[in-house]
Colleague: 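The structure is given below, and queries will be raised subsequently.
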Amino acid sequence: MPFINTMVTTEITFEKEEILKAKLGKALSLIGKPEAYLMLNFAENCRLWFAGSNDEDAAYVEVALLHSAPKASYAKLTEAICDILNEELSIPTNRIYVKFSETEYWGWDGSMF
């Protein structure tokens, strides 16, 4: 049930998208969520302003989850997401925001989880 929406100022090739998909899927284990229901969106070449400028690359990542996870797990996943985007897209980790949203209700396949 996780959904990760990633907006970056850089271009993402199909090959990089495949790598990001695999690494983000694996990182979900840090919060005890399965990759089996993971949905991802990648928005490239976004016009993101960070700290009053857009002269360096930046990223905004939203992670939506069914229910919740411990705060320590969120910290580990934040670190992993920042490291992945830095390694694969050269985005400085101090120019990446990660937002978590939790919900009690999530629909799929005509019913509720």
Side-chain angles (χ1 to χ4, degrees):
M1 298 55 58
F3 174 64
I4 301 177
N5 186 28
T6 304
M7 294 173 263
V8 298
T9 55
T10 63
E11 184 176 327
I12 303 174
T13 65
F14 181 75
E15 292 77 19
K16 279 292 182 190
E17 192 171 299
E18 288 282 332
I19 292 168
L20 291 169
K21 174 193 69 76
K23 287 187 173 187
L24 290 170
K26 184 177 179 182
L28 278 179
S29 67
L30 296 168
I31 58 170
K33 299 293 182 179
E35 183 180 3
Y37 293 101
L38 174 61
M39 181 179 278
L40 297 161
N41 179 57
F42 296 104
E44 62 182 347
N45 297 317
C46 294
R47 293 172 50 183
L48 300 174
W49 288 74
F50 190 95
S53 74
N54 68 350
D55 58 352
E56 290 183 73
D57 288 325
Y60 177 71
V61 181
E62 297 174 326
V63 181
L65 303 169
L66 176 63
H67 304 302
S68 64
K71 186 176 181 180
S73 297
Y74 288 155
K76 289 178 184 177
L77 183 56
T78 298
E79 181 179 10
I81 289 170
C82 289
D83 288 346
I84 291 166
L85 294 178
N86 178 258
E87 290 168 9
E88 298 302 328
L89 301 177
S90 300
I91 298 173
T93 59
N94 67 343
R95 293 188 55 87
I96 301 170
Y97 273 160
V98 181
K99 176 189 173 193
F100 293 92
S101 300
E102 303 168 348
T103 185
E104 291 293 317
Y105 306 103
W106 201 295
W108 170 73
D109 195 20
S111 62
M112 299 300 293
F113 278 102

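Just so you know, residue 1 is the first one in the sequence shown, and it goes up from there. Bear in mind that the values here come from a model prediction, so they are computed numbers and not experimental data. In what follows, every heavy atom counts, from backbone to side chain, and hydrogens, waters and symmetry copies are set aside.
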Colleague: Does F3 share a hydrophobic cluster with W108, counting links as ILVMFWY side-chain heavy atoms below 4.5 Å and allowing steps through other members?
Modeller: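 Yes, F3 and W108 fall within the same hydrophobic cluster.
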Colleague: Would you mind listing every ring pair (Phe, Tyr, Trp, His ring centres under 6.0 Å) that reaches into residues 50-73, with sequence neighbours excluded?
Modeller: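 Qualifying pairs: F50-Y97.
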Colleague: Going by heavy atoms in the side chains, are L89 and L20 under 4.5 Å from each other?
Modeller: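 In contact.
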Colleague: Calculate, to the nearest 0.5 Å, the distance between atoms CE and CH2 belonging to M1 and W106 respectively.
Modeller: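 If we round to the nearest 0.5 Å, M1:CE and W106:CH2 are 8.5 Å apart.
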Colleague: Does anything in residues 44-54 form a side-chain hydrogen bond (donor to acceptor under 3.5 Å, both in side chains)? List the pairs, not counting sequence neighbours.
Modeller: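 As it turns out, the side-chain hydrogen bond (donor to acceptor under 3.5 Å, both in side chains) pairs with a partner in residues 44-54, which skip direct neighbours, are S53-D55.
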Colleague: Closest approach of A59 and V8, non-hydrogen atoms and distance?
Modeller: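 Where A59 meets V8 most closely, the heavy atoms are CB-CG1, 3.8 Å.
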Colleague: Hydrophobic clusters here meaning ILVMFWY residues chained together by side-chain heavy-atom distances under 4.5 Å, can you tell me if L65 and L38 are in one?
Modeller: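 Yes; L38 is reachable from L65 via cluster members.
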Colleague: Taking atom CG of D57 and atom CD1 of I91, what is their separation to the nearest 0.5 Å?
Modeller: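 With rounding to 0.5 Å, CG (D57) is 5.5 Å from CD1 (I91).
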Colleague: Run the side-chain donor-acceptor check on residues 70-84: report pairs under 3.5 Å with partners two or more places apart or on a different chain.
Modeller:
residue	atom	partner	partner atom	Å
Y74	OH	A69	N	3.2
Y74	OH	E102	OE2	2.5
T78	OG1	Y74	O	2.9

Colleague: Does the side chain to side chain contact (heavy atoms under 4.5 Å, CB included) test come out yes or no for L40 and T6, once each step is laid out?
Modeller: CA-CA 8 Å; L40 297 161; T6 304; 5.8 Å; no
Colleague: Does some side-chain heavy atom of L24 sit less than 4.5 Å from a side-chain heavy atom of F42?
Modeller: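 Yes, at least one pair of side-chain atoms sits under 4.5 Å.
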Colleague: Provide the full list of side-chain hydrogen bond (donor to acceptor under 3.5 Å, both in side chains) pairs with a residue in residues 26-42, sequence neighbours left out, each pair given once.
Modeller: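 Sorted result for residues 26-42: N5-N41.
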Colleague: Which atoms form the tightest heavy-atom contact between C46 and M7, and what is the distance?
Modeller: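 Here C46 and M7 meet closest at SG-CB, 3.8 Å.
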Colleague: Linking Ile, Leu, Val, Met, Phe, Trp and Tyr by side-chain heavy atoms under 4.5 Å, what else ends up with F14?
Modeller: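 Under the 4.5 Å side-chain rule, F14 groups with nothing.
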Colleague: Applying a strict under-4.5 Å side-chain criterion to I, L, V, M, F, W and Y, I'd like to know whether I96 and F100 cluster together.
Modeller: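 Per the 4.5 Å side-chain linkage, I96 and F100 are co-clustered.
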Colleague: Measuring from atom CZ of R95 to atom CG of L85, what distance do you get when rounded to the nearest 0.5 angstrom?
Modeller: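 Between R95 CZ and L85 CG, I get 13.5 Å after rounding to 0.5 Å.
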Colleague: Return the set of residues passing salt bridge (Lys or Arg N to Asp or Glu O under 4.0 Å) with K23 (not counting sequence neighbours), or none when no residue passes.
Modeller: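 With neighbours one apart ignored, the set is E87, E88.
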